[in-house]
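Read through the structure below, which is laid out as structure tokens, and then see the notes.
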There are 2 protein chains.
Amino acid sequence: MADKVTITDVARAAGVSRQTVSNTLNSPEVVREETRRHVLEVIERLGYRANQAARQMRTGRSRLIAIRIDPGGDGISGSVLDRFLHGLTETAAHEGYRVLLYTAADDRAEIATYEDLLGSYKPDAFVLTATHHDDIRTSWLLERGLPFVAFGRPWSHLPDARHPWVDVDGASGTEAATRHLLAAGHRRIGFIGWPSGSGVGDDRRAGWARTFTALGSETGGAGDLDALLRSVEDGIESGESAARDLLRTAAPTALVCASDSLALGALQAARSHEGERPVAVIGFDDTPAATAAGLTSVHQPLAEAAAACVDLLARALENPDAMRSPDAEGSPSEQAHVLLPPSLTIRQSA
Amino acid sequence: MADKVTITDVARAAGVSRQTVSNTLNSPEVVREETRRHVLEVIERLGYRANQAARQMRTGRSRLIAIRIDPGGDGISGSVLDRFLHGLTETAAHEGYRVLLYTAADDRAEIATYEDLLGSYKPDAFVLTATHHDDIRTSWLLERGLPFVAFGRPWSHLPDARHPWVDVDGASGTEAATRHLLAAGHRRIGFIGWPSGSGVGDDRRAGWARTFTALGSETGGAGDLDALLRSVEDGIESGESAARDLLRTAAPTALVCASDSLALGALQAARSHEGERPVAVIGFDDTPAATAAGLTSVHQPLAEAAAACVDLLARALENPDAMRSPDAEGSPSEQAHVLLPPSLTIRQSA
DNA sequence: ATGAAAGCGCTAACAG
DNA sequence: CTGTTAGCGCTTTCAT
């Protein structure tokens, strides 16, 4: 029964015109307090909801935010997107937006989906995840002045980003992990990460490197960084073999990893490693698998990140021109961004 | 540039009327082959996409499927919804539908969201997950003749379901797990599940029980079922303590669990248990945590399940009346359903 | 097989 | 502050 109630029904029941009802909803300040209250009451009583399609036709705004959902690699870190999505949906609802899902095999296919979506459902904005160097998606959207926010820094254009973004400070996370190990007395702390070139991976490695280097300059040179570093593809197996190799050649007493997948593998290697003291391991992402394995891990505030994304978008959508002038000569057109600090979830492994 | 192209632009560019373009898209059989081809070509060239809002206003169909996304308990099995969602989004796109997300704290709140959504975005259908006994959501939707499909059996009304559903045969999964253990020579196989009353849990327990009982009647009574059964809340810790208890009092050589969370806990207990042969453990859901822990687990075909949901919905939406006659006296109004068999992913733990 | 007219529900402009 | 008019882009009659 909730449907079929139109603005005309409300107007009739309240004894006012349709526009007064519309104004009550869209420009409350224009309606007399008393009338407003009365209309609101009738709306409530009839269970009226503005038809979104009709509203969209008139205003051109769909109040839809689109985001891609992918299968997520080995699944270990898949739950990261899951939590982010939940937060996004929840915050978006508060701001009057809904989340629309789509899939795409790669960036090119994603752009094709943009075209499709923009012609049909016309989402007001996109949320980009897994941004990387020379991301064609951001340039495509930027060229067309389409509103979007990236969850992930615009790695190729820092620090003068030309679009709003939200990210978690990976370096600060691995720094916290490294400091935690230092505080526990460790001095030889290895790092297992991904090959150079991925923004996320480089960032996470940097946090370890800088902390470790700082220690070196304090104590007078602790740091043969390269010997304690391994760069491999993500995965449990590669994490295990990298850890084995590291333990054999560099004798670290602790390992910081760029992901939980790597850390889980490293943990296996650590457990089968003989030594007076167990080798400590710290992962990244605080996935369910980390919980299950008792793995200390860097935790990303995903609900907050999602909320920040919605916030930035809502703001940009209220001020359409802020974003639609990519080449405004006079203004630096610096875009808002949010960099959130992660926290360390401490468990048995470190 | 993909937007702002209307059906009028296409008509003009193709030298036909707007209706011919519309017909080409919606009733191709009505248009002359040659004209149809020409129009299609122009559509392609201009990158035209039918404005969904306008279409919805006219037809009343949004081509939107709504589904709830929740934070997912301890997160271990959260990835199940994740994979299902991905499959749903992908299949839905093939059929011309998009997936709209929403959250809700509980069933009552979810119904409130139905009302909101039905009045605003007007999704064509809902996909229900985590169905349970006396689910107020199904009755609410049923009463109003709203199209939906449940991922999960209508536990309170089997076998004459009054709505379409898709599910994975949990009992067959635990049966396969139990048979696998029997084949490996195990004879005392315990089960750690949830307290009676949850459809899913009862189903999974039944698969173990019936297989084990069948063995008993063959060999002449192997089965003191109750001694080998523990029912606890889901979670790693409760799984571990239940397993410890079971190992101490009933001396099983293998354990089948109703979830990966329970199994992960059981695995810990099993590893610290002394015996000539390691205690085998099998979980359920084949989550990333199971991969990481080398846990053998029952794998649900989630992409297939999602595809089946979309299929059932698409069919129901083409035949609106099939669903809208909950009380049709003459017809049993039996609804279509799909029960998919899971598979066993074998790893080190069993 | 194709063209003309109407209207889905809403809100942005105005007029009162 | 409230009411009237118009039209967003599409599909569904109904004529031709």
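A note on names: the letters A, B, ... follow the listed sequences, proteins ahead of strands, and every chain is numbered from 1.
- Running 5' to 3' along DNA chain C, contacts with non-hydrogen atoms of chain B at under 4.0 Å begin and end at C/dA1 to C/dG9.
- The pair A/Asp106-A/Arg108 does not count as a salt bridge, with every side-chain nitrogen at least 4.0 angstrom from each carboxylate oxygen.
- A salt bridge does not link B/Glu41 with B/Arg37: none of the charged nitrogens is closer than 4.0 Å to a carboxylate oxygen.
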Working for side-chain hydrogen bond (donor to acceptor under 3.5 Å, both in side chains), residues B/Ser22 and B/Asn26 = CA-CA 6 Å; B/Ser22 176; B/Asn26 304 300; 3.2 Å; yes

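- Among the protein residues, A/Thr6 comes within range of the sugar-phosphate backbone only, with heavy atoms under 4.0 Å from sugar or phosphate atoms but none that close to a base.
- Taking atom CD1 of B/Ile43 as the reference point, atom P of D/dC10 lies 10 Å away to the nearest angstrom.
- One atom, CE of B/Met57, and another, P of D/dG7, lie 16 Å apart when rounded to the nearest Å.
- One atom, CZ of B/Arg63, and another, P of D/dT11, lie 11 Å apart when rounded to the nearest Å.
- The distance from atom CD of B/Gln19 to atom P of D/dT12 is 11 Å, rounded to the nearest whole Å.
- Phosphate proximity of D/dG3 to A/Thr20: present, with a side-chain N or O under 4.0 Å from OP1 or OP2.
- Distances shown here put every side-chain N or O of B/Arg58 at or beyond 4.0 Å from the OP1 or OP2 atom of D/dT12.
- Residues from residues 24-40 of chain B lying near DNA chain C, meaning a heavy-atom separation below 4.0 Å, are B/Val30, B/Val31, B/Arg32, B/Thr35 in numerical order.
- Looking at heavy-atom distances under 4.0 Å, A/Ala50 makes contact with sugar-phosphate atoms alone, never a base.
- A ring-centre distance under 6.0 Å is not found for A/Phe151 and A/Trp165.
- Classification of A/Glu318 and A/Arg315 as a salt-bridged pair fails, no side-chain N sitting under 4.0 Å from a carboxylate O.
- We find that CD of B/Gln56 is positioned 12 Å from P of D/dT11, with the value rounded to whole Å.
- Looking at B/Asp116 and A/Arg98, a side-chain N of the basic residue comes within less than 4.0 Å of a carboxylate O on the acidic one, giving a salt bridge.
- No donor-acceptor distance shorter than 3.5 angstrom exists from the side chain of A/Arg63 to the backbone of A/Gln52, with no hydrogens or angles considered.
- Rounded to 10 degrees, the angle between the two end axes of the helix from C/dA1-D/dT16 to C/dG16-D/dC1 is 40°, with five pairs used at each end.
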